[in-house]
Q: 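A single structure is presented below for examination.
For clarity, every value in this text was computed on a predicted model and none was experimentally measured.
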Amino acid sequence: MLAGEPYVATDPELVAARGRARVLLASYNATLPEEEQRRRELLQLLIGRLGDGVWIEPPFSCDYGEFLELGTDVYLNFHCVFLDCNRIRVGDRTKFGPAVQVYAASHPLCPAERREGRELALPVTIGADVWVGGGAIICPGVTIGDGTTIGAGSVVTRDVPPNVLAAGNPCRVIRSLPAGNG
């Protein structure tokens, strides 16, 4: 799965790992806003690499959690979905609007392979200081460069360079943005 090769999602080990994540997510999503310490503890159990200052607004959904790598001061607004059947790496200070979906999950184009229950997954990398507008969808195998802004509702189907504003369906570069600490 992590190698990008076809895999069978009903493998007992994968089913158990997703079940573990579902239990942790149910607990996390049921917490109250004042339960910051409990939220942090649950995220430490769920997320593979959890940077300092990460804030995830419930409800949040993911497949495994252990394949997520969230840098320092990452923020996810309400209703974000990360399908992490491969690694999803998010750089420091990156922010996600509500209902952003990040998909490492894919499926074979061949119907016979899908009938056999095979699935695919490709890693997603989102750089530091990125802003992803609400409702955006980031597809498998995509890399988004540092300092980039992705417009709300965009569907990101291919790599986006650093320090640009990109938007649309499919997402395309609109213009360059100043690099640096602005």
Side-chain angles (χ1 to χ4, degrees), residues 1-9 14 18 21 25 47-49 51 54 56-57 59-71 73-179:
M1 181 172 82
L2 295 177
E5 298 294 324
Y7 67 95
V8 178
L14 296 178
R18 286 192 308 273
L25 287 164
I47 306 294
R49 185 172 90 61
V54 168
I56 300 175
E57 297 285 359
F60 169 66
S61 300
C62 64
D63 276 331
Y64 299 94
E66 65 186 285
F67 305 123
L68 295 177
E69 299 177 16
L70 305 178
D73 296 325
V74 167
Y75 174 80
L76 279 67
N77 210 324
F78 302 102
H79 298 283
C80 286
V81 175
F82 282 44
L83 300 185
D84 64 321
C85 33
N86 203 315
R87 300 217 184 278
I88 297 176
R89 295 178 173 97
V90 178
D92 296 342
R93 299 170 305 282
T94 289
K95 314 294 185 214
F96 295 85
V100 170
Q101 301 173 55
V102 181
Y103 303 150
S106 186
H107 296 277
L109 297 177
C110 175
E113 288 182 46
R114 290 194 304 268
R115 281 192 298 271
E116 294 170 359
R118 293 186 199 173
E119 296 183 12
L120 296 169
L122 298 170
V124 174
T125 302
I126 301 167
D129 300 303
V130 171
W131 170 254
V132 181
I137 298 171
I138 300 169
C139 292
V142 165
T143 295
I144 297 173
D146 294 345
T148 284
T149 295
I150 303 295
S154 295
V155 179
V156 185
T157 60
R158 48 182 87 121
D159 293 352
V160 179
N163 302 306
V164 298
L165 167 63
N169 180 5
C171 188
R172 62 181 175 77
V173 173
I174 306 296
R175 65 179 171 95
S176 293
L177 298 174

Q: I'd like to check F60 versus L25 (side-chain heavy atoms, cut-off strictly below 4.5 Å). Are they in contact?
A: yes
Q: Among residues at least two apart in sequence or on other chains, which ones pass side-chain contact (heavy atoms from CB on, under 4.5 Å) with A21?
A: L46
Q: With R49, which residues qualify under side chain to side chain donor-acceptor pair (under 3.5 Å), at least two apart?
A: none
Q: Do E57 and Y75 have side chains that get closer than 4.5 Å, going by heavy atoms?
A: yes
Q: Go through the structure and list residues passing salt bridge (charged side-chain N to carboxylate O under 4.0 Å, His left out) with D84, not counting sequence neighbours.
A: none
Q: Going by heavy atoms in the side chains, are F82 and S61 under 4.5 Å from each other?
A: no
Q: Dump the intermediate steps for side-chain contact (heavy atoms from CB on, under 4.5 Å) on L70 and I56, then the final yes or no.
A: CA-CA 11 Å; L70 305 178; I56 300 175; 4.0 Å; yes
Q: Please check if the side chain of R114 supplies one atom and the backbone of L109 the other of a donor-acceptor pair under 3.5 Å.
A: yes
Q: Walk me through it: do L68 and C62 pass the test side-chain contact (heavy atoms from CB on, under 4.5 Å)?
A: CA-CA 9 Å; L68 295 177; C62 64; 4.2 Å; yes
Q: Can you list the residues that meet the side-chain contact (heavy atoms from CB on, under 4.5 Å) rule with A112, with sequence neighbours excluded?
A: C110, R115
Q: Given side chains that start at C-beta, do those of V155 and P170 come closer than 4.5 Å, heavy atoms only?
A: no
Q: Sequence neighbours left out, what passes side chain to side chain donor-acceptor pair (under 3.5 Å) with R89? Give chain and number order.
A: E69
Q: Please list every donor-acceptor pair under 3.5 Å in which a side-chain atom of residues 92-102 meets a protein atom from a residue at least two apart or in another chain.
A:
residue : atom : partner : partner atom : Å
D92     : OD1  : T72     : N            : 2.8
R93     : NE   : D129    : OD1          : 2.7
R93     : NH2  : D129    : OD2          : 3.0
T94     : OG1  : G91     : O            : 3.3
T94     : OG1  : G127    : O            : 2.6
T94     : OG1  : D129    : N            : 3.3
T94     : OG1  : V130    : N            : 3.2
K95     : NZ   : D73     : O            : 2.6
Q101    : OE1  : Y103    : OH           : 2.0

Q: Roughly how far, to the nearest 0.5 Å, is CD1 of I137 from OG of S154?
A: 10.0 Å
Q: Might you work through the side-chain contact (heavy atoms from CB on, under 4.5 Å) test for N86 and F67, ending with a clear yes or no?
A: CA-CA 6 Å; N86 203 315; F67 305 123; over 6 Å; no
Q: Which donor-acceptor pairs under 3.5 Å do the side chains of residues 138-148 make with protein atoms, sequence neighbours left out?
A:
residue : atom : partner : partner atom : Å
D146    : OD1  : A128    : N            : 2.8
T148    : OG1  : G145    : O            : 3.4
T148    : OG1  : P161    : O            : 2.6
T148    : OG1  : N163    : N            : 3.1
T148    : OG1  : V164    : N            : 3.3

Q: Determine all donor-acceptor pairs shorter than 3.5 Å in which one atom belongs to a side chain in residues 117-124; sequence neighbours excluded.
A:
residue : atom : partner : partner atom : Å
R118    : NE   : E116    : OE1          : 2.9
R118    : NH2  : E116    : OE1          : 2.8
E119    : OE1  : Y7      : OH           : 3.4

Q: Show every salt bridge (charged side-chain N to carboxylate O under 4.0 Å, His left out) that has at least one partner inside residues 157-174, sequence neighbours left out.
A: none
